[in-house]
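Everything below concerns the one structure shown next.
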There are 2 protein chains.
Amino acid sequence: MSRAATTTDVFNAIAESRRRDILSLLAGQERPVGDIVDMLGMEQPSVSKHLRVLRDVDLVRVRREGRQMLYRTNAEAIRPLHEWAGGFKQYWRHQLQRIKERAEEKGPPFPKEK
Amino acid sequence: MSRAATTTDVFNAIAESRRRDILSLLAGQERPVGDIVDMLGMEQPSVSKHLRVLRDVDLVRVRREGRQMLYRTNAEAIRPLHEWAGGFKQYWRHQLQRIKERAEEKGPPFPKEK
DNA sequence: TAGACATATTCCCATATCGGAATCTATTAT
DNA sequence: ATAATAGATTCCGATATGGGAATATGTCTA
């Protein structure tokens, strides 16, 4: 087997830094492809290709307006990623703070035993 | 150019699901390679190779104990990822809650204008 | 010293990239 | 209808992958 397709899931899609750049640019702000090209200094075909990947995993949504295609980030799709990473919080927090959290939360997000 | 190496950064390293499985398994719990092999049902060489990638981006730390290699997740390395994703919070929260946050926070994490 | 045991590395290969160049499609303007 | 504009897609080539199989390395034991 080879590496999983970039369109497999959000994790694979955001591995590319230019795609993360695009997501940040389109967060809360709808924009046509041309703007992305200008703002990020990339080739138009390249941007279109990245947008295609992001669209396939629903990280961005599109809407046509005349001859322009208006893209915007679908932040909801980033949430699972945030939550996955958040599961490790208890392991990076300081010991003291961790203890406090133990008391507040029910249990650890990952199994600790076999 | 081709796809960036999996060892380029944390984003590329965690794109592979088996590697995420390994990270969860080793979170807060040091374990030898053999345990990972047994618990995740993977081939030993495969596990070693994934661990090598995770090690290269400092997502796991190792320590030798006799003939065993004890690995554990370095949660700190996952933090940047959590923070990057967290930057989109304001865009996925409900409008009402978002307004409340606007008042508490200074500003948005991403530029909204050109 | 010769195993045995736990891991790591190398080799092979089918696959999926990403950028660049060229081309195609859709919509608007003349 | 024809041209112009905005994007999308296709074709190319160099590269990195991940699994499987085989082999190598390092440590402990008899």
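Predicted, not measured: the structure shown is a model, and the values here were computed from it. Every chain is numbered from 1, with letters handed out A, B, ... down the list of sequences.
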State the OH-CD1 distance between B:Tyr71 and B:Ile36, to the nearest 0.5 angstrom.
8.0 Å
Could you tell me whether A:Met1 contacts a base, only the sugar-phosphate backbone, or nothing, with contacts defined as non-hydrogen atoms closer than 4.0 Å?
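Answer is base: heavy atoms of A:Met1 come under 4.0 Å of a base.
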Would you kindly compare A:Thr6 and B:Met69 by the position of their nearest DNA chain C nucleotide and give the one closer to the 5′ end?
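Its nearest nucleotide being more 5', the pick is B:Met69.
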Can you see if the side chain of B:Tyr71 gets near the phosphate of C:dA6 - specifically, an N or O under 4.0 Å from OP1 or OP2?
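No.
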What pairs meet the side-chain hydrogen bond (donor to acceptor under 3.5 Å, both in side chains) rule with one or both residues in residues 33-45 of chain A, with sequence neighbours excluded?
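Output for this query lists A:Gln44-A:Ser48.
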Start and end of the DNA chain D segment that chain B contacts, any atom under 4.0 Å from a heavy atom
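Under 4.0 Å from chain B, the extent on DNA chain D is D:dG13 to D:dT29.
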Sorted by chain and residue number, the salt bridge (Lys or Arg N to Asp or Glu O under 4.0 Å) partners of B:Arg67 (sequence neighbours excluded) come out as none
Which class fits the ring pair B:Trp84 and B:Phe11: parallel under 30°, tilted 30 to 60°, perpendicular over 60°?
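Answer is perpendicular, since the angle exceeds 60°.
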Which donor-acceptor pairs under 3.5 Å do side chains of residues 53-62 of chain A form with protein atoms, sequence neighbours excluded?
unit_1  : atom_1 : unit_2  : atom_2 : d
A:Asp56 : OD1    : A:Arg52 : NH1    : 3.3
A:Asp58 : OD1    : A:Arg61 : NE     : 2.7
A:Asp58 : OD2    : A:Arg61 : NH2    : 3.1
A:Asp58 : OD2    : A:Asn74 : ND2    : 3.2

Smallest separation among heavy atoms of [X] and [Y], with atom names:
{"X": "B:Thr73", "Y": "B:Leu23", "result": "OG1-O, 2.7 Å"}
{"X": "A:Ala77", "Y": "A:Val10", "result": "O-CG2, 3.6 Å"}
{"X": "B:Arg63", "Y": "B:Glu30", "result": "NE-OE2, 2.7 Å"}
{"X": "A:Val37", "Y": "A:Met42", "result": "CG1-O, 3.1 Å"}
{"X": "B:Phe88", "Y": "A:Ala75", "result": "O-CB, 3.9 Å"}
{"X": "A:Ala15", "Y": "B:Asn12", "result": "O-ND2, 3.2 Å"}

Need to verify one output field. Residue with the more 5' nearest nucleotide on DNA chain D, A:Ser2 or A:Pro32?
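Here A:Pro32 is the residue nearer the 5' end.
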In whole Å, what is the span from the CD atom of B:Glu43 to the P atom of C:dT7?
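Result: 15 Å.
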Round to a whole Å and report the spacing from CD of B:Gln68 to C1' of C:dC5.
10 Å
Could you pull out the protein-nucleic contacts involving nucleotides 23-28 of chain C (nitrogen or oxygen on both sides, under 3.5 Å)?
none

Looking at residues 48-55 of chain A, who's got a heavy atom less than 4.0 Å off DNA chain D?
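The stretch gives A:Ser48, A:Lys49, A:Arg52 as the residues lying under 4.0 Å from the strand, ordered by number.
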